[in-house]
Amino acid sequence: MRSGSNHLRIASVIQILLGVISIISTYFLIGEADIEATGISAEHALIILIATYCGAAFQVLAGIIGLLLSNKKSILTVLCGILLFIPQLITFLHVQDNIVMIIINIVFLAIPYYYLHNAYKNFKA
């Protein structure tokens with residue numbers, strides 16, 4: 001058994017859960033905001049909605065790939081880990097002075113790092 005396989009499985013399950021929770025919460029929160037009050041156009045709101053669904057679907061896909069390839073030496077899991085980590089890192093870097101959002105983003109940054117770290121350990125073993 002590879003050194004990162006058990007932890008990669010755990011990280012994969014967490015990614016799947018986060019993706020499913022994101023899809024469900026987005027679905028139920030779609031009509032709750034007044035788009036006109038936010039000042040963004042309907043087209044921009046649609047693009048944000050599509051990006052949110054695609055990001056959540058990728059989280060689920062990366063989790064499934066991690067589960068399937070957890071016992072194998074795979075560059076695909078490392079690439080998925082990088083693709084999960086970079087957008088979350090960008091989000092973390094754009095957080096303003098709100099301490100609650102900083103803490104939340106640190107937690108959400110740690111999860112893709114956990115996936116990436118263990119995928120890399122699995123690849124190197």
Nearest-0.5 Å distance that lies between atom [atom1] in [X] and atom [atom2] in [Y]:
X	Y	atom1	atom2	value
N122	H117	CG	NE2	11.0 Å
L79	I65	CG	CD1	10.0 Å
K121	H7	NZ	NE2	5.5 Å
L29	I24	CG	CD1	11.5 Å
I82	Y120	CD1	OH	10.0 Å
I40	L46	CD1	CG	10.5 Å

What's the shortest heavy-atom distance between [X] and [Y], and which atoms?
X	Y	value
I23	A56	CG1-CB, 3.4 Å
S5	S70	CB-O, 2.9 Å
R9	L67	O-CD2, 3.8 Å

When you look at S74 and F123, which way does the side-chain contact (heavy atoms from CB on, under 4.5 Å) test go after all the steps? CA-CA 6 Å; S74 172; F123 180 69; 5.8 Å; no

Same cluster or not: are F92 and I86 linked, directly or through other Ile, Leu, Val, Met, Phe, Trp or Tyr residues, by side-chain heavy atoms under 4.5 angstrom apart? yes

Among the clusters formed by ILVMFWY side chains lying less than 4.5 Å apart, do L68 and L17 turn up in the same one? yes

Can you list the steps and then say if Y115 with I14 is a side-chain contact (heavy atoms from CB on, under 4.5 Å)? CA-CA 9 Å; Y115 182 99; I14 293 171; over 6 Å; no

Step by step, would you call Q15 with L84 a side-chain contact (heavy atoms from CB on, under 4.5 Å)? CA-CA 9 Å; Q15 285 296 331; L84 287 168; 3.7 Å; yes

Under 3.5 Å, side-chain donor or acceptor atoms of residues 97-113 against the rest of the protein: list the pairs with distances, not counting sequence neighbours.
| unit_1 | atom_1 | unit_2 | atom_2 | d |
| --- | --- | --- | --- | --- |
| N98 | OD1 | V100 | N | 3.2 |
| N105 | OD1 | Q88 | NE2 | 3.2 |
| N105 | ND2 | M101 | O | 2.8 |

Can any side-chain N or O of S22 pair as donor or acceptor with the backbone N or O of L18 at less than 3.5 Å? no

List the steps and the verdict of side-chain contact (heavy atoms from CB on, under 4.5 Å) for Y53 and Y27. CA-CA 9 Å; Y53 275 127; Y27 176 77; 3.6 Å; yes

Can you list the residues that meet the side chain to side chain contact (heavy atoms under 4.5 Å, CB included) rule with L93, with sequence neighbours excluded? L89

Crowded around F58 CZ? As in, over 12 foreign heavy atoms under 6.0 Å? yes

